[in-house]
Amino acid sequence: MTITFNHQLDLANKILIFEAQGEAENQSDISYLLKTIVKLAGKSQLTRVVFDVTQLTYSCSSLDLSTVFNEVKQYGLLGELKIARVIDPGQFKQELVGDLAISLSLPIKNFCTRSDALVWLLFDVKEKS
């Protein structure tokens, strides 16, 4: 695993801001990041997370991603958490995570900018059909 992360708490808005850098090579790396987010948010009693993955790459397989997010759904790992992922558009596996979240009805959504992510978390803006 070659992943580092930084985090900060925005207590005024009750948001955990989590930034990951490096390369997720397998299921364990992805699970580690998600479990760390859950622990940090729970410790501070926060339910909203900005997860900036613009500096994170996935070298694991699409099957690994699918397996992890299926387990997240099956075991209710996220609880009440709502995660807004800030991604670098055009990276297939980053976009795949957003697609998996939608198909599994997980409270995870991809955004291209941090400001869009914050708006969704703070105001729960619904997309127009």
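Keep in mind the model is a prediction, meaning the values are calculated, not measured.
Side-chain atoms of Glu23 and Ser59 form a donor-acceptor pair, as typed in the model, at a separation below 3.5 Å. Looking at Thr47 and Glu80, their side chains never bring a donor and an acceptor atom within 3.5 Å of each other.
The two residues Ser44 and Leu9 have their closest heavy-atom pair at OG-CD1, 3.4 Å. Here the shortest heavy-atom pairing between Gln91 and Thr57 reads OE1-CG2, 4.5 Å. Looking at every heavy atom in both residues, Leu65 comes nearest to Ile30 through CD2-CD1, 3.4 Å.
Remark: Ser66 pairs with Asn70 by the side-chain hydrogen bond (donor to acceptor under 3.5 Å, both in side chains) rule, at least two apart or across chains. Among residues two or more places apart in sequence or in another chain, the salt bridge (Lys or Arg N to Asp or Glu O under 4.0 Å) test is passed with Asp64 by none. Under the rule for a side-chain contact (heavy atoms from CB on, under 4.5 Å), the partners of Ala84 that lie at least two apart in sequence or sit in another chain are Phe111, Ala117, Trp120, Leu121. A search for side-chain hydrogen bond (donor to acceptor under 3.5 Å, both in side chains) contacts involving Ser62 returns nothing, not counting sequence neighbours. Shown here are the side-chain hydrogen bond (donor to acceptor under 3.5 Å, both in side chains) partners of Asp10, two or more places apart in sequence or in another chain: Asn13. Asp52 pairs by the side-chain hydrogen bond (donor to acceptor under 3.5 Å, both in side chains) definition with Thr54, Arg114, not counting sequence neighbours. Listed by chain and number, the residues in a side-chain contact (heavy atoms from CB on, under 4.5 Å) with Thr36 are Phe5, Phe18, Tyr32, Leu40 (sequence neighbours excluded). Taking the side-chain contact (heavy atoms from CB on, under 4.5 Å) definition, one finds that Thr113 meets it with Ser115, Asp116, sequence neighbours left out.
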Output a table of donor-acceptor pairs, distance under 3.5 Å, between side-chain atoms of residues 94-108 and any protein atom two or more places apart or on a different chain; print 'none' if there are none.
unit_1 : atom_1 : unit_2 : atom_2 : d
Gln94  : OE1    : Arg85  : NH2    : 2.5
Gln94  : NE2    : Val53  : O      : 3.2
Gln94  : NE2    : Leu56  : O      : 2.8
Glu95  : OE2    : Gly90  : N      : 2.8
Ser103 : OG     : Asp99  : O      : 3.4
Ser103 : OG     : Leu100 : O      : 2.9

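Note that CG of Leu46 is 8.5 Å distant from NZ of Lys14, once rounded to the nearest 0.5 Å. Separating the CD1 atom in Ile83 from the CG atom in Asn110 is a distance of 11.0 Å, to the nearest 0.5 Å. Atom NZ of Lys73 sits about 14.5 Å away from atom CD of Glu71, to the nearest 0.5 Å. Taking CG from Leu16 and NZ from Lys39, the interatomic distance works out to 14.0 Å, rounded to the nearest 0.5 Å. The line from NZ of Lys35 to OG of Ser28 is 8.5 Å long, rounded to the nearest 0.5 Å. Atoms CD and OG1, on Glu19 and Thr4 in that order, are 10.0 Å from each other to the nearest 0.5 Å.
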- [ ] Carefully, step by step, assess Ile37 and Phe51 under the rule side chain to side chain contact (heavy atoms under 4.5 Å, CB included).
- [x] CA-CA 9 Å; Ile37 288 170; Phe51 185 15; 3.7 Å; yes
Task: Derivation of the side chain to side chain contact (heavy atoms under 4.5 Å, CB included) call for Leu34 and Val72 - done: CA-CA 9 Å; Leu34 290 171; Val72 165; 3.8 Å; yes
Open item on the list: One pair to check against side chain to side chain contact (heavy atoms under 4.5 Å, CB included): Gln21 and Asn6. What are the steps and the verdict?
Closed with: CA-CA 9 Å; Gln21 305 85 31; Asn6 301 308; 3.6 Å; yes
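Legend: ring-ring contact (aromatic ring centres under 6.0 Å, His included) pairs involving residues 71-105, not counting sequence neighbours: none detected.
Within a 6.0 Å sphere centred on CD of Gln45, heavy atoms belonging to other residues, nucleotides or ligands number 12 at most.
Follow the hydrophobic side-chain contacts under 4.5 Å out from Leu63 and you never reach Leu33; the two are in separate clusters.
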